[in-house]
Amino acid sequence: MGLFMSSNQVIKALKKGLGSSKVFYSQEYLLTYAYDATGSEYAVPPDVVVFPQGEEDVAAVLAVARRYKVPVTPRGAGVGYSGGSIPVRGGIALVFTKMNRILQVDEDNLLAVVEPGVVTHDLQQEVEKRGLFYPVDPASLKTSTIGGNVAENAGGPRCFKYGVTANYVLALEAYLITGEKVVSGSYVIKDVAGYNLKSLLVGSEGTLAVITRITLKLLPRPQCRILARLDFDSLSRGTRFVHRVIRGNLGPSVLEFMDQSAITAVCQYLELPLEPEIKASFLVEIDGNPLDVKERKERLLSMVADEGVITWQMAENELDQDKLWHLRRNISPAIARLRPRKINEDIVVPISKIPDAVSHITELARQSDILVSLFGHIGDGNIHTNLMVDPEDKDELARADVLLEKIFRYVVQIKGSITGEHGVGLTKQDYLPLQFKHGEVELFRRIKKAFDPDNLLNPGKMYAHRGD
Ligand SMILES: Cc1cc2nc3c(=O)[nH]c(=O)nc-3n(C[C@H](O)[C@H](O)[C@H](O)COP(=O)(O)OP(=O)(O)OC[C@H]3O[C@@H](n4cnc5c(N)ncnc54)[C@H](O)[C@@H]3O)c2cc1C
């Protein structure tokens, strides 16, 4: 059962505005849209689930929300890792999975215009058929939507070279809860007219406006790529190697790492042989034109010879590369089996601090007696830090809480960030004041108020006071 008291009137008004076929409120629907990838711990069901099929449906939903003062929570595929699409105050779950058309791929201007519900991988496939490339590749790309990516400013392995979602958003169309439509940005790369509303909306986690149309910059597709897996007998040796690769002008598109607990878990999960002497594994991808890739591959191999890599594999064709990616993309489900609950964080540290940060966090985890699994986008300092706990063990949970706060404080102290791509959402809002101490959180609230005076759009997220 949802939280909003006048659900019946709201449902009636929604059916009238959109037609019955887009409005659902059976228990199955309410349960399905109660949570995201954070799992059942944070789940709260909406009162009604709506699937818009065009911007006029979105406008109709917002009109009902205004009239009845009902919260609206936009939602893409619901694979967020910070509880962003959980309707914590009940009300309407506005699900974009049926508003999923690729409206235009403009090959001359290298851009695509899409509805928010397009699945990231579907867009990539479509543009690659035409020799173009949309590089942002969250590990969830086969399910996540472009709307969810924009609202979270999603990143992924290739962001080391290519940047995050924000770097590709040329223009946005969005609806404010007031019913006004906002268009920000254009079909050009340079545009400094007016306040940059588009940049404010990217990463706003569905708290300021509902995004209805997205124009994305595309690139020419790289002609070839190679992917190497390098294994080290010590994590610190591996992270020093990464630092050398970054400084060495090799220009990799991907620099990923997994610590020993992540490797062990994924090998067990995929039933692959375990090599206990491997303490850390790294993936290095290089892309570009064939001659250039060949030259950089040779330089990478000469570094491998110098740096005490114990084993390595080079994948030059798509099939072999897929096998290596398969390993990397299965880490999340693999480590989720280590303990009943995975507290999944995505801190970022300055690249010069990567080796220190990895050793420091490993040592803090040892002192706290908490199993911590580290993996992620080491090239840009985005370390997925997973604290594995049993929620039944209250003592362990309390130790994990203390450890988490220590990690966040450390990250902020070395001028990193508490989240690099998953967003603040529900799960990290208590920690936001660690990073913003000088009135910025108050400014966030004032911005929110200007967009959404009645606090109806995705309330209870990011910087909410308890009870907001
Ligand atoms: C296995 C796994 C791997 C992942 N790997 C990565 C990774 O490598 N990089 C990364 O960045 N993230 C990663 N994530 C997190 C997640 O996939 C991303 O945050 C993704 O962008 C969420 O997309 P979604 O469509 O599921 O959005 P949802 O989870 O449904 O929503 C996310 C936020 O966007 C808002 N929103 C959705 N649509 C709209 C809209 N149209 N208008 C306004 N607001 C909207 C919601 O209100 C919510 O706040 C991973 C998640 C999983 C489960």
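The first residue of the sequence shown is numbered 1, and numbering continues consecutively from there. Counting starts at 1 for both ligands and their atoms, in listed order.
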Nearest neighbour in protein (non-hydrogen) for [atom]:
atom: atom 27 (O) of ligand 1; result: Gly148 CA, 3.4 Å
atom: atom 49 (O) of ligand 1; result: Glu205 O, 3.0 Å
atom: atom 8 (O) of ligand 1; result: Ala139 N, 2.9 Å
atom: atom 19 (O) of ligand 1; result: Glu152 CG, 3.5 Å
atom: atom 12 (N) of ligand 1; result: His422 CD2, 3.7 Å
atom: atom 31 (O) of ligand 1; result: Ser85 CB, 3.8 Å
atom: atom 44 (N) of ligand 1; result: Gly206 CA, 3.3 Å
atom: atom 18 (C) of ligand 1; result: Ser140 OG, 4.3 Å

So for atom NZ, which belongs to Lys353, do other residues, nucleotides or ligands contribute more than 12 heavy atoms lying within a distance under 6.0 Å?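 Not buried by this count: 12 neighbours or fewer within 6.0 Å.
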Can you confirm whether Ile189 is buried at CD1, in the sense that more than 12 heavy atoms of other residues, nucleotides or ligands lie under 6.0 Å from that atom?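 Not buried by this count: 12 neighbours or fewer within 6.0 Å.
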Looking at non-hydrogen atoms alone, which of [options] comes nearest to [atom]?
atom: atom 29 (O) of ligand 1; options: Pro74, Gly80, Pro138; answer: Gly80
atom: atom 23 (O) of ligand 1; options: Ala93, Pro87, Gly83, Ser144; answer: Ser144
atom: atom 52 (C) of ligand 1; options: Tyr81, Tyr33, Tyr175; answer: Tyr81
atom: atom 41 (N) of ligand 1; options: Ile214, Thr419, Ile211; answer: Ile211

Listing, residues 109-116 side-chain donor-acceptor contacts under 3.5 Å, not counting sequence neighbours, or none:
residue: Asn109; atom: ND2; partner: Asp106; partner atom: OD2; Å: 2.9
residue: Glu115; atom: OE1; partner: Asn100; partner atom: N; Å: 3.2
residue: Glu115; atom: OE1; partner: Arg101; partner atom: N; Å: 3.0
residue: Glu115; atom: OE1; partner: Arg101; partner atom: NE; Å: 3.3
residue: Glu115; atom: OE2; partner: Arg101; partner atom: NE; Å: 3.4
residue: Glu115; atom: OE2; partner: Arg101; partner atom: NH2; Å: 2.7

Where's the contact between [X] and ligand 1, heavy-atom distance under 4.0 Å: side chain, backbone, both or neither?
X: Lys461; value: neither
X: Ala37; value: side chain
X: Asn458; value: side chain
X: Pro116; value: side chain

Would you please test Glu405 and Arg409 for salt bridge (charged side-chain N to carboxylate O under 4.0 Å, His left out) and show each step? CA-CA 6 Å; Glu405 184 161 338; Arg409 282 186 187 281; 2.8 Å; yes
Can Asp322 and His326 be counted as having a side-chain donor-acceptor contact under 3.5 angstrom?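 No pair is found: no donor N or O on one side chain lies under 3.5 Å from an acceptor on the other.
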Establish, from distance only, whether the side-chain atoms of Asn149 and Thr165 form a donor-acceptor pair under 3.5 Å.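 No.
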Could you tell me if Lys22 sits above the aromatic ring of Phe51, with its cationic atom closer than 6.0 Å to the ring centre and no more than 45 degrees from the axis?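 No.
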Determine whether Tyr463 and Phe436 make a side-chain contact, defined as any pair of heavy atoms from C-beta on separated by less than 4.5 Å.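 Counting from C-beta outward, Tyr463 and Phe436 never come under 4.5 Å.
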Contact check, side chains of Val164 and Glu421, non-hydrogen atoms, under 4.5 Å: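 They are not in contact (no side-chain heavy atoms under 4.5 Å apart), so the answer is no.
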Decide whether an N or O pair under 3.5 Å exists between [X] and ligand 1.
X: Thr145; result: yes
X: Gly84; result: yes
X: Glu421; result: yes
X: Ser332; result: no

Decide side chain to side chain donor-acceptor pair (under 3.5 Å) for Ser253 and Glu285; before the verdict, give the C-alpha distance in whole Å, the side-chain angles of both, and the deciding distance to 0.1 Å. CA-CA 5 Å; Ser253 39; Glu285 182 189 86; 2.6 Å; yes
What do you reckon, does Asn149 put a non-hydrogen atom under 4.0 Å from ligand 1?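 Yes, Asn149 has heavy atoms under 4.0 Å from ligand 1.
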List ligand 1 atoms under 4.0 Å from [X], heavy atoms only on the residue side.
X: Gly155; value: 7 (C), 8 (O), 9 (N), 10 (C), 11 (O)
X: Val79; value: 15 (C), 16 (C), 17 (O), 26 (O), 29 (O), 51 (C), 52 (C), 53 (C)
X: Ala209; value: 43 (C)
X: Ala154; value: 11 (O), 21 (O)
X: Ala151; value: 34 (O), 35 (C), 36 (N), 44 (N), 45 (C)
X: Gly76; value: 25 (O), 28 (P), 30 (O), 37 (C), 38 (N)

What class does the angle between the rings of His377 and His384 fall in, given that below 30° is parallel, 30 to 60° is tilted and above 60° is perpendicular?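 Answer is perpendicular, since the angle exceeds 60°.
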How far apart are the C-alpha atoms of Leu327 and Arg229, what are their side-chain angles, what is the distance that settles it, and do they pass the side chain to side chain contact (heavy atoms under 4.5 Å, CB included) test? CA-CA 11 Å; Leu327 193 81; Arg229 173 181 164 178; 3.4 Å; yes
Name of the residue among Asn382, Leu255, Val136, Val254 meeting side-chain contact (heavy atoms from CB on, under 4.5 Å) with Pro157: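 One option only clears the test, and that one is Val254.
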Member of Asp47, Val50, Ile92, Val48 meeting the side-chain contact (heavy atoms from CB on, under 4.5 Å) criterion with Ile11: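 Considering Asp47, Val50, Ile92, Val48, a side-chain contact (heavy atoms from CB on, under 4.5 Å) with Ile11 is found only for Val48.
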Does Glu205 form a side chain to side chain donor-acceptor pair (under 3.5 Å) with Thr207? I'd like the steps, not just the answer. CA-CA 5 Å; Glu205 303 188 13; Thr207 62; over 6 Å; no
For Asp380, what residues pass the salt bridge (Lys or Arg N to Asp or Glu O under 4.0 Å) criterion, not counting sequence neighbours?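 Asp380 satisfies salt bridge (Lys or Arg N to Asp or Glu O under 4.0 Å) with no residue once adjacent residues are dropped.
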